[in-house]
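Below is one structure; the comments refer to it alone.
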Amino acid sequence: MARLTGGDGYSRKIKRIGPEAVKQVGAVLFVAGEMVQVDAQISITSGSVSGAGHIPSAPGEAPNNDTGVLANNIETTQRAPLIVEVSSNAPYARHLEYGTSRMGERPYMRPALDKNRTEIKAMITGAVNKAIRSAG
């Protein structure tokens, strides 16, 4: 699961500016969450073979798609005005992401967040600055 927030300092400032600023920044956070979702889904489904020819991924690599349950259950949810969560509701999602005592991790969510981190920060900063200018 990846959780995107406006950050404590940003959140307080945004809320002081007003509800329109919260709405604008919240919308940017949701778009950022969708970026993470899509990249996580792509990492699972690209180059993999489902069904009889399925080959499990190696530890440290994103899981290879087999049934489609993992990739199809990744969703972006707005938990609060300034909190967006990207998660997979597949029953084994956590086991693949973090591994178990019997299986090495096959991360897909953390790399998707890492890949987008710089762009997400820039998007949030831009939205906050725009909200501050609009309120001024």
Side-chain angles (χ1 to χ4, degrees):
M1 172 176 52
R3 183 167 275 191
L4 306 171
T5 67
D8 288 338
Y10 273 155
S11 292
R12 283 191 295 274
K13 288 177 186 176
I14 294 164
K15 288 176 183 174
R16 277 192 300 241
I17 295 170
E20 187 58 34
V22 171
K23 184 177 175 181
Q24 289 173 3
V25 174
V28 167
L29 287 170
F30 191 81
V31 169
E34 288 181 323
M35 290 167 50
V36 173
Q37 174 184 336
V38 167
D39 277 335
Q41 290 169 322
I42 288 170
S43 73
I44 295 165
T45 59
S46 65
S48 61
V49 177
S50 298
H54 175 72
I55 300 170
S57 62
E61 295 178 359
N64 285 337
N65 194 41
D66 186 13
T67 62
V69 171
L70 181 65
N72 290 334
N73 276 283
I74 297 174
E75 63 181 19
T76 302
T77 308
Q78 190 104 31
R79 295 283 179 205
L82 295 175
I83 298 175
V84 170
E85 186 175 278
V86 183
S87 61
S88 176
N89 297 316
Y92 45 83
R94 179 177 291 283
H95 301 299
L96 287 168
E97 180 74 22
Y98 297 104
T100 68
S101 61
R102 295 181 172 184
M103 176 186 75
E105 65 181 30
R106 284 153 172 84
Y108 56 96
M109 198 70 77
R110 290 173 292 162
L113 178 59
D114 290 343
K115 177 182 175 188
N116 290 286
R117 188 176 307 278
T118 300
E119 187 173 355
I120 289 170
K121 285 181 179 181
M123 289 169 55
I124 293 169
T125 300
V128 169
N129 288 339
K130 182 178 177 183
I132 291 169
R133 283 192 305 274
S134 296

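In what follows, every heavy atom counts, from backbone to side chain, and hydrogens, waters and symmetry copies are set aside. Just so we're clear, the structure is a prediction, and the values are computed from it rather than from any experiment. Residue numbers run from 1 in the order of the sequence given.
In terms of heavy-atom proximity, I83 sits nearest to L29 at N-CD1, 4.4 Å. In terms of heavy-atom proximity, G33 sits nearest to V84 at CA-CG1, 4.2 Å. In terms of heavy atoms, G26 sits closest to L82 at N-CD2, 4.0 Å. Residues N64 and P56 come closest through the heavy atom pair ND2-C, 3.8 Å.
For the side-chain contact (heavy atoms from CB on, under 4.5 Å) test, residues two or more places apart in sequence or in another chain that qualify with P107 are E97, E105, R110, P111. Applying the side-chain contact (heavy atoms from CB on, under 4.5 Å) criterion to Q37, with sequence neighbours excluded, gives Q41, I74, T76, V86. Residues passing the side-chain contact (heavy atoms from CB on, under 4.5 Å) test with A93, sequence neighbours excluded: L70, S88, A90, Y108.
Without hydrogens or angle criteria, R106 side chain to G104 main chain gives a donor-acceptor distance under 3.5 Å. At least one donor-acceptor pair under 3.5 Å links the side chain of S57 to the backbone N or O of A62.
One distance of note links CZ of R117 with CG of D114; it measures 5.0 Å at 0.5 Å rounding. Expressed to the nearest 0.5 Å, how far CG of D66 lies from NE2 of H54 amounts to 4.0 Å.
At most 12 non-hydrogen atoms from other residues, nucleotides or ligands lie less than 6.0 angstrom from CD of E119.
Side-chain atoms of L96 and M103, non-hydrogen and from C-beta on, do get closer than 4.5 Å to each other. With a 4.5 Å cut-off on side-chain heavy atoms, L113 and M109 do not count as touching.
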